[in-house]
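Below you'll find the structure, written out as structure tokens, and then a few comments.
The chains referred to below are lettered A, B, ... by the order of the sequence lines, with proteins before strands, and numbering in each begins at 1.
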Number of protein chains: 2
Amino acid sequence: MASRNTRILEAAARVIARRGVRGLRVEELAAEAGVSTGLIYYHFKDRTGILRHTLEFINDRAERYTTVRDADAPPLGPREELEQILLLELQDTAEVRENSAAWGELRASAVFDPALREDLARATLVWVQEVAALLGRVRPMAPAAQLAAAAERLTALLEGLSTRWLSGGLGIDHARTLMRGGIEAELSGLEAR
Amino acid sequence: MASRNTRILEAAARVIARRGVRGLRVEELAAEAGVSTGLIYYHFKDRTGILRHTLEFINDRAERYTTVRDADAPPLGPREELEQILLLELQDTAEVRENSAAWGELRASAVFDPALREDLARATLVWVQEVAALLGRVRPMAPAAQLAAAAERLTALLEGLSTRWLSGGLGIDHARTLMRGGIEAELSGLEAR
DNA sequence: GTCTATAAACCGATAGAC
DNA sequence: GTCTATCGGTTTATAGAC
């Protein structure tokens, strides 16, 4: 779709990852995208519109890099798929870092900006349900309510670890180890006895 | 100490909880405190000074409400103490909400402001060690490294849940239920078999 | 659709009276 | 110590040409 539009959104993700939602200046975004401020307002109406569309954009992008896999790779078991999907957000590559930083910022900004909450809630719901479904494949006997709760915790844990990683309080390897341990603990809690 | 000063800091905590660090406007703070902007600059030099003193103020306050307990209350078992300390940050009272919001803001701001990281890392370390010690009293046979990891996860989970709660994605009761379940899952993972 | 130019609002900070 | 009044820089947002 509108490739100029996409160019601005990619630039917005970079600027947010660098300066935060709080630090995003429309003029800096314009420079980063190589367009004028006027064009940005033409496309996105106002500052909040920029933010909302960027949230949607990084969300789509995360879905993409979450699902892309080698065609000839061995099929993953549910446990491996679960680990992979949760660990994908904890990688020290430019794109993942951008997505994680932008996502964390949008989440933190939503605390003070109700306009962002609806989109955020919708995206979170999809994400939680996806994880709950995978958990259900690893623990088929577990009741749905417990699966949902474990999924909410694991995604919340991921956000917490991600923020600590990005704020320099946690090395990426340690963060990944902790995430794996969290999965194990939740599966342990869901175990039939 | 200067009671007028404290009055401004209390007002600042309220404004930050409502608008965030980035959304704090000196004029709004002045109105909230019932003083003039000039007086605020007289006391705190500049906007950064306001922020620094407010964060210090909030931190002291959090320590207080974390440790104060009834003198004649029945002594808590380690498990109860663990739950209590982790659930204290998930309460819908003005003071806790203010503190949690400010803490989340501080954490989120540190992603883009290295100057904040040192204080944050120190405070986090104390917090994690406290939780690890409590976990050790519930599971005396668990190795120290596993206790430390579980403590890091539980505190990260708390931050994740807290942010979701404050951003409207999670009711406070549900957040508390999830936190309790997280404690249970971690204890389950630490169980001797 | 895109740009340039600029209006309008906002906000941090200071001066000076009391 | 405290207030009123205001300046000057910054930033969002719009008008109008192309």
**OP:** Specify the separation, in whole Å, of atom CD of A/Glu28 and atom P of D/dT11.
**Re:** 10 Å
Original post:
NA contact type, B/Leu24, heavy-atom cut-off 4.0 Å: base, sugar-phosphate, or nothing?
Top reply: sugar-phosphate
**OP:** Could you check how far CD1 of A/Ile40 sits from C1' of C/dT2, rounded to whole Å?
**Re:** 12 Å
Original post:
Can you tell me how far P of D/dT12 sits from CZ of A/Phe44, to the nearest Å?
Top reply: 15 Å
Original post:
Atom NZ of B/Lys45 to atom P of C/dG12: distance rounded to whole Å?
Top reply: 16 Å
Original post:
B/Glu27 has an atom CD; how far is it from atom C1' of D/dT6, in whole Å?
Top reply: 12 Å
**OP:** Measure from the side-chain heavy atoms of A/Val26 and tell me the nearest of C/dT2, D/dG1, D/dT12.
**Re:** D/dT12
Original post:
Judged by modelled atom types alone, do B/Arg164 and A/Thr155 share a side-chain donor-acceptor pair under 3.5 Å?
Top reply: yes
Original post:
Can you tell me if the side-chain N/O atoms of A/Arg47 get under 4.0 Å from OP1 or OP2 in D/dA13?
Top reply: no
**OP:** Measure from the side-chain heavy atoms of B/Thr37 and tell me the nearest of D/dA5, D/dT14, D/dG1.
**Re:** D/dA5
Subject >> Selection from D/dT4, C/dG12, D/dT11 that lies nearest to any side-chain heavy atom of B/Tyr41 >> reply: C/dG12
**OP:** Could you verify whether a donor N or O on one side chain and an acceptor N or O on the other, from B/Glu159 and B/Trp103, lie under 3.5 Å apart?
**Re:** yes
Original post:
For the pair made of CG in A/Asn5 and C1' in C/dG1, what is the distance, rounded to whole Å?
Top reply: 11 Å
**OP:** Examine D/dT12: is either OP1 or OP2 under 4.0 Å from a nitrogen or oxygen in the side chain of A/Arg25? Give yes or no.
**Re:** yes
Original post:
How long is the line joining CZ of B/Arg22 and P of C/dG12, in whole Å?
Top reply: 11 Å
Original post:
Over how many whole Å does the gap from B/Arg19 atom CZ to C/dC11 atom P extend?
Top reply: 10 Å
Original post:
Okay, side chain of B/Arg47, backbone of B/Leu24: is any donor-acceptor separation there less than 3.5 Å?
Top reply: yes
Original post:
Less than 4.0 Å between a side-chain N and a carboxylate O, is that true for B/Glu184 and B/Arg79?
Top reply: yes
Subject >> Flag for B/Ser162-B/Arg107: side-chain donor and acceptor within less than 3.5 Å >> reply: no
**OP:** Report the nucleotide, chosen from D/dA13, C/dA13, C/dG1, that has the shortest atom-to-atom distance to any side-chain atom of A/Asp46.
**Re:** D/dA13
